[in-house]
Amino acid sequence: MNLRKLYFLTGVLGGIIFSACSTKKDTFVNRNWHALNTKYNVLYNGNNAFDIGREELNVAYVDNYWELLPVERLQVKDEIKLDSEDNNPNFEIAEEKATKAIQKHSMDIADEERNPQTDESFLLLGKARYFDQRYIPALEAFNYILKKYVESDKLNEATIWREKTHIRLSYEELALKNLKRLLKYERLKDQEYADAHAMMAQAYINLNFPDSALQELKIASAYTEKNEERGRYYFIIGQLFNELGLKDSANYAFDKIIDLNRKSPRGYMINAHLKKIQNTELTEANKAEILEYLTDLEENRENRPFLDKINHEIANYYLELNNDSMAIVYYNKSLRATINSEPLNALNYEYLAEYYFDINSYKTSGNYFDSVLPNLPENTK
């Protein structure tokens, strides 16, 4: 009797599970079955792969502090990438999982999506394509969310990602128009508000409107919940003020980065210190204070990864005081400490080449000029 009951219960349970697997039945069991499978199985694995891929990009990316930093830390190729070209395996996995979630768990019944996780699947799909630099397919995913899931709580996020993609495709005016509409008519979370203004800042930078970019970055830095972003936004604000010739305002922004201390990546703080020194006119009254400032940076053990830049700045200090021998010592120390920094290598070699040229040591000067060339981008002046 007990065995017959077990068979019966097993059959009933199997029938319920089989029925729940259907994506064509709009029942409580079906909706929750597919929503839970999407969220805690397929999307969970897809998001993990996406996070690993994103972290790999962050580790591999090296900021060029000699130029205006981009708002988003992402190494971008000049040409538009096709679907089949050199894709990051982690983003491929994320895209595969997002696609599986859509194909196997979407419940499009009577032209209405009944699985509340499907919009998140499309969002992951678009983000994976975006960071793999396949912007046209990414745009398709974000646009689908905006057209199909009009009641989704992801609409604002999808809009911001769509406009990020438009900016990558050089449609800055369109991105600005859509972001302004979003800010005017929608209620955004603080981080979404910060992201929208940060993307507007990048659009204005691309269009060469630094004043407008400054205002957007000030808002973004005030509302972002991420100190890493806040430090980056402050640094770009300082760079923009420097471009406008407003050194005091630039130094105020750099001070804000220094005040963040360990809350923000140390690279921003060290470069903020160095930018402040570059913005300060060297005089008889302050030369001892500036040397002490630079020496403290040099001797701090936590600053070892940045000794190439610190030694270069100390060399510039001595050069300005016409102490050529000490300048040469520190340019060479900077070269020995430099790791994968072609712009800094080029500057160090150039200063050394010019010094030896000025003292008529042309052979040595020529050797240093030869070392400058491999560290410069091709086809530049």
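If you read the sequence from its start, that first residue is 1, and numbering goes on from there.
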**Message:** For Glu289, I'd like to know if atom CD has over 12 heavy atoms of other residues, nucleotides or ligands within 6.0 Å.
**Reply:** no
**Prompt:** Could you state the interatomic distance from CD1 (Ile277) to OH (Tyr317), rounded to the nearest 0.5 Å?
**Reply:** 10.5 Å
**Message:** Please check this pair: side chain of Ser221 against backbone of Lys218, looking for a donor-acceptor N/O pair closer than 3.5 Å.
**Reply:** yes
**Prompt:** For the residue pair His312 and Tyr331, is the inter-centroid distance of their aromatic rings smaller than 6.0 Å?
**Reply:** yes
**Prompt:** Does NZ or CZ of Lys154 lie under 6.0 Å from the centre of the six-membered ring of Tyr149, at an angle within 45° of the ring axis?
**Reply:** no
**Message:** For a 4.5 angstrom cut-off between non-hydrogen side-chain atoms, does Tyr130 reach Tyr135?
**Reply:** yes
**Message:** Any heavy-atom pair between the side chains of Glu157 and Lys127 that's under 4.5 Å?
**Reply:** yes
**Message:** Is there a side chain to side chain contact (heavy atoms under 4.5 Å, CB included) between Tyr356 and Lys363? Walk through the geometry before answering.
**Reply:** CA-CA 9 Å; Tyr356 285 107; Lys363 184 177 179 180; over 6 Å; no
**Request:** Indicate yes or no for a side-chain donor-acceptor contact from Arg73 to the backbone of Asn58 under 3.5 Å, with no hydrogens or angles considered.
**Result:** yes
**Message:** Are Lys247 and Asn242 packed together at the side-chain level, in the sense that at least one heavy-atom pair is separated by less than 4.5 angstrom?
**Reply:** yes
**Request:** Please assess Glu192 against Glu186 for the test side chain to side chain contact (heavy atoms under 4.5 Å, CB included), listing each intermediate value before the final yes or no.
**Result:** CA-CA 11 Å; Glu192 291 173 340; Glu186 301 296 336; over 6 Å; no
**Prompt:** Is the backbone of Leu155 close enough, under 3.5 Å, to the side chain of Thr159 for a donor and an acceptor to pair up by distance?
**Reply:** yes
**Request:** Heavy atoms only: give me the nearest Val150-Leu146 pair and the separation to one decimal.
**Result:** CG1-O, 4.0 Å
**Complete:** d(Leu176 CG, Ile167 CD1) to nearest 0.5 Å is 6.5 Å
**Request:** Using the rule that two of Ile, Leu, Val, Met, Phe, Trp, Tyr join whenever any of their side-chain heavy atoms come within less than 4.5 Å, decide whether Leu244 and Ile236 are in one cluster.
**Result:** yes
**Item:** Expected output: side-chain Arg162 to main-chain Leu139 donor-acceptor under 3.5 Å
**Value:** no
**Prompt:** In terms of hydrophobic clustering (I, L, V, M, F, W, Y; side-chain heavy atoms under 4.5 Å; direct or indirect links), are Tyr61 and Leu344 co-clustered?
**Reply:** no
**Asked** Do Lys275 and Gln278 have side-chain heavy atoms sitting under 4.5 Å apart?
**Response** yes
**Asked** With distance as the sole criterion, is a donor-acceptor pair present between the side chains of Tyr223 and Asp195 under 3.5 Å?
**Response** no
**Message:** The test is side-chain hydrogen bond (donor to acceptor under 3.5 Å, both in side chains); show your working for Ser325 and Asn323 and say whether it passes.
**Reply:** CA-CA 6 Å; Ser325 59; Asn323 189 338; 3.2 Å; yes
**Request:** For the residue pair Phe235 and Phe254, categorise the inter-ring angle as parallel (less than 30°), tilted (30 to 60°) or perpendicular (more than 60°).
**Result:** tilted
**Prompt:** Are side-chain heavy atoms of Ile237 and Lys256 found at a separation under 4.5 Å?
**Reply:** no
**Item:** Those residues that, when tested against Phe50, pass ring-ring contact (aromatic ring centres under 6.0 Å, His included) (two or more places apart)
**Value:** Phe91, Phe131
**Request:** Kindly determine whether Glu72 and Lys164 satisfy side chain to side chain contact (heavy atoms under 4.5 Å, CB included), including the steps that lead there.
**Result:** CA-CA 10 Å; Glu72 183 178 44; Lys164 288 174 69 169; 2.9 Å; yes
**Asked** Are Leu183 and Tyr204 co-members of a hydrophobic cluster defined by side-chain heavy atoms under 4.5 Å apart?
**Response** yes
**Item:** Approximate separation, where rounding is to 0.5 Å, of Thr338 OG1 and Lys333 NZ
**Value:** 12.5 Å
**Request:** Flag the pair Arg232 / Asp63 as yes when at least one side-chain heavy-atom distance between them is below 4.5 Å, and no otherwise.
**Result:** yes
**Prompt:** Do Glu229 and Gln191 come within less than 4.5 Å of each other through their side chains, counting heavy atoms only?
**Reply:** yes
**Asked** Should we count OH of Tyr293 as having more than 12 external heavy atoms under 6.0 Å?
**Response** yes
**Request:** List the steps, then state whether side chain to side chain contact (heavy atoms under 4.5 Å, CB included) holds for Tyr351 with Ile328.
**Result:** CA-CA 9 Å; Tyr351 284 125; Ile328 290 170; over 6 Å; no
**Item:** Minimum side-chain heavy-atom gap Asn348-Asn311 below 4.5 Å
**Value:** no
**Request:** Of all the heavy-atom pairs spanning Asn300 and Glu302, show the shortest one and how long it is.
**Result:** OD1-N, 2.9 Å
**Message:** Testing the basics here: between Leu188 and Ala196, what is the closest heavy-atom pair and its distance to 0.1 Å?
**Reply:** CD1-CB, 4.5 Å
**Message:** We want to know whether Asn360 and Tyr362 form a side-chain donor-acceptor pair, criterion being a heavy-atom distance below 3.5 angstrom.
**Reply:** yes
**Asked** For the atom pair CG (Asn208) and CD (Glu172), what is the distance rounded to the nearest 0.5 Å?
**Response** 11.5 Å
**Request:** For residues Leu217 and Ala201, report the shortest heavy-atom separation together with the two atoms involved.
**Result:** CG-CB, 3.5 Å
**Message:** Counting only heavy atoms not in Tyr355 (residues, nucleotides, ligands), do more than 12 fall under 6.0 Å from its OH?
**Reply:** yes
**Prompt:** With no hydrogens and no angle check, is any side-chain donor or acceptor of Arg54 less than 3.5 Å from a backbone partner on Ala128?
**Reply:** no
**Fill in**
Only residue of Lys309, Glu298, Arg266, His273 satisfying side chain to side chain donor-acceptor pair (under 3.5 Å) with Asn303 is Arg266
**Message:** Between Asn206 and Gln202, is there a side-chain donor-acceptor contact under 3.5 Å, judged purely by atom types and distance?
**Reply:** yes
**Message:** Could you measure the distance from the CH2 atom of Trp161 to the CZ atom of Arg129? Nearest 0.5 Å is fine.
**Reply:** 14.0 Å
**Prompt:** Are the side chain of Glu225 and the backbone N or O of Asp190 linked by a donor-acceptor pair below 3.5 Å?
**Reply:** no
**Prompt:** Short question: side chain of Asp132, backbone of Arg134 - any donor-acceptor pair under 3.5 Å?
**Reply:** no
**Item:** Distance-only polar pair, side chains of Gln239 and Tyr65, donor-acceptor under 3.5 Å
**Value:** no
**Cluster link Tyr268 to Trp66, ILVMFWY, side chain under 4.5 Å** = no
**Request:** Give a yes or no on whether the ring-centroid distance for Phe357 and Tyr368 is below 6.0 angstrom.
**Result:** no
**Message:** Membership question, hydrophobic clusters at under 4.5 Å side-chain separation (ILVMFWY): are Tyr318 and Leu335 in the same one?
**Reply:** no
**Prompt:** CG/Asp370 to OG/Ser365 distance, rounded to the nearest 0.5 angstrom?
**Reply:** 9.5 Å
